[in-house]
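To start, the structure itself, in structure tokens.
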Number of protein chains: 2
Amino acid sequence: MAPVPEPRWRRRKEARPADIVAAALELFTEKGFAAARLDEIARRAGVSKGTLYLYFDSKEALFRAVVRDVVVPNVEALRESVLGSATPFPERLRELLPRFAAIVTALPIGAVAKMVIGESRNFPELAKVWHDDVILKSIGLLVELLEAAQARGEVRAGNPRIQAFSIMGPMLLGILWRETFTPIGGAEVDLVAAARQHAETVIDGLSLKESAR
Amino acid sequence: MAPVPEPRWRRRKEARPADIVAAALELFTEKGFAAARLDEIARRAGVSKGTLYLYFDSKEALFRAVVRDVVVPNVEALRESVLGSATPFPERLRELLPRFAAIVTALPIGAVAKMVIGESRNFPELAKVWHDDVILKSIGLLVELLEAAQARGEVRAGNPRIQAFSIMGPMLLGILWRETFTPIGGAEVDLVAAARQHAETVIDGLSLKESAR
DNA sequence: TATTAATGACTGACTGGTCAGTTAGTAAGG
DNA sequence: CCTTACTAACTGACCAGTCAGTCATTAATA
């Protein structure tokens, strides 16, 4: 009755990159790029450090992979959360913001955003990816919607980018608050609740008023 | 006529700490904590690396000094920008936001905020300083003002912290946009103009409506 | 079906460069 | 000429990246 010897390791060529990226996401978001140790990433991924280099050329390449892997699959979800149906703009805003909040709460987008902001000077091309793929596809789209809504008289006149800031800024504040202050004993933030209340505020603030109609 | 020999260096015991902190502020905001090199900070401050250690115990101590030196003297300015006179809340908001924007545009507070956000996991006590001395003294104060204004019927009912987010969030978005995206070719942001338009939006959004009075 | 050969995924000890922090010595300044 | 602000060469720890060797797995052969 020889005991079945557990192999020291298994071949898992397909699963390794995902394991490594998942571990790297944890470490990078916990510690930031510089303070994240490859030995620790390897340990959490259940591989040796050498294995990292079978799948990624360098620490920087791994960092890029993490950001891209988190961003790219979720850009569409974010984009759809902004697009929605063809209802009037105020109505649309009322569902858009909570949906956005729910997505951001469920995914590690907040942590990655914090990383990208923090490392933007050292990784300008990542800031560019974020800018082009996330920002322009959410804020940019919002700007187009606002321009159209202004033309239809659903939204008051004004610089549409600043209007987009008025809409999305509080979401960013909530996201970064959770990342920065909640871990050190700051207040909890219910992003979805904040989104709902803020939506009402901003709908009122952006609507053309009776008196002006 | 012997040429006056320029001394290789001068004793400037009083001026050194300020020089060093100024150079460190530049490097830390350009590169972040980890990627900033003490040799480079010393070079920009016009001293040798050893001199840094005559005035600061460690790189971390220098980092703390930078954050404190930039933040603490300006907390009062920020606080006053929120306090203002005892005019009704909407009026007050109309001057508060552009004043806040002007202060933040003039000082390197945005860059420091970005640093604190990025390094909050590695320097929780700095996040705490920021939270206690900056946030609670601006957002916290705003919350109190909002509660009072709600009681007076100047502002509609609602969670005052979320209302504060509605007010300040777009400012943060503008600040971080300038730090993150403008350097890589993203659009310019006129913070004061944004503050003015956003103030009108949010005043309207937070006011009690005719119909509800 | 059992045995052997070939493959390549994976390991972990090692290295070279980097950089925070130290210190022996120098010169400014009173 | 003494005190001390300051310099610059130095050190040692740390860590990203390497590579010679190991072994799980698969394919070929008997």
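Note that the structure is predicted; figures quoted are calculated from it, not measured. By convention in this document, chain letters (A, B, ...) are assigned in the order of the sequence lines, proteins followed by strands, and residues within each chain are numbered from 1.
- Taking atom CG of residue L52(B) and atom P of nucleotide dA20(C), one finds them 10 Å apart after rounding to whole Å.
- Residue R8(A) has no polar side-chain atom (N or O) positioned under 4.0 Å from OP1 or OP2 of dC10(C).
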Contacts under 3.5 Å, N or O only, protein and nucleotides 21-24 of chain C:
residue	atom	partner	partner atom	Å
dG21(C)	OP2	Y53(B)	OH	2.8
dG21(C)	OP2	K59(B)	N	2.8
dG21(C)	O5'	Y53(B)	OH	3.2
dG21(C)	N7	K49(B)	NZ	3.1
dG21(C)	O6	K49(B)	NZ	2.9

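- Ring-plane geometry between H131(A) and W177(B) is classed as perpendicular, the angle between the planes exceeding 60 degrees on a 0 to 90 degree scale with a lower cut at 30.
- Among the nucleotides dA9(C), dA28(C), dG12(C), the one closest to any side-chain atom of R11(B) is dA28(C).
- At whole-Å resolution of the value, CD in E40(B) and C1' in dT18(C) are 15 Å apart.
- Across all strands shown, R10(A) has heavy atoms under 4.0 Å from sugar-phosphate atoms exclusively, and none from any base.
- Note: CH2 (W9(A)) to C1' (dG12(C)) measures 13 Å, nearest angstrom.
- Taking atom CZ of F56(B) as the reference point, atom P of dA20(C) lies 16 Å away to the nearest angstrom.
- Checked for salt-bridge contact, R68(B) and D133(B) miss the test: no charged N lies under 4.0 Å from a carboxylate O.
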Full working for side chain to side chain contact (heavy atoms under 4.5 Å, CB included) between L97(A) and H198(A): CA-CA 8 Å; L97(A) 280 175; H198(A) 175 63; 3.9 Å; yes

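- No contact: A61(B) has no heavy atom under 4.0 Å from any strand.
- A salt bridge links E30(A) with R44(A): at least one charged nitrogen is closer than 4.0 Å to a carboxylate oxygen.
- Smallest separation of non-hydrogen atoms from I139(B) and A164(B): CG2-CB, 4.0 Å.
- Results of the side chain to side chain contact (heavy atoms under 4.5 Å, CB included) test with V116(A) over V134(A), V71(A), V67(A) single out V67(A) as the only residue that passes.
- Protein chain B contacts DNA chain D from dT3(D) to dA8(D), reading 5' to 3' and using non-hydrogen atoms of the protein with a distance under 4.0 Å.
- Within the 4.0 Å cut-off from OP1 or OP2 of dG12(C), not a single side-chain nitrogen or oxygen of S48(A) is found.
- For R12(B) and dG29(C), the shortest distance from a side-chain N or O to OP1 or OP2 is not below 4.0 Å.
- Counting non-hydrogen atoms under 4.0 angstrom, A34(A) reaches nothing in the nucleic acid.
- In summary, the aromatic rings of W130(A) and F181(B) are positioned with their centroids too far apart to meet the 6.0 Å limit.
- Within a 6.0 Å sphere centred on CG of D57(A), heavy atoms belonging to other residues, nucleotides or ligands number 12 at most.
- Taking E125(B) as the reference, R64(B) meet the salt bridge (charged side-chain N to carboxylate O under 4.0 Å, His left out) condition, with sequence neighbours excluded.
- Residue contacts shown for Y55(B) are limited to sugar-phosphate atoms, with no base heavy atom under 4.0 Å away.
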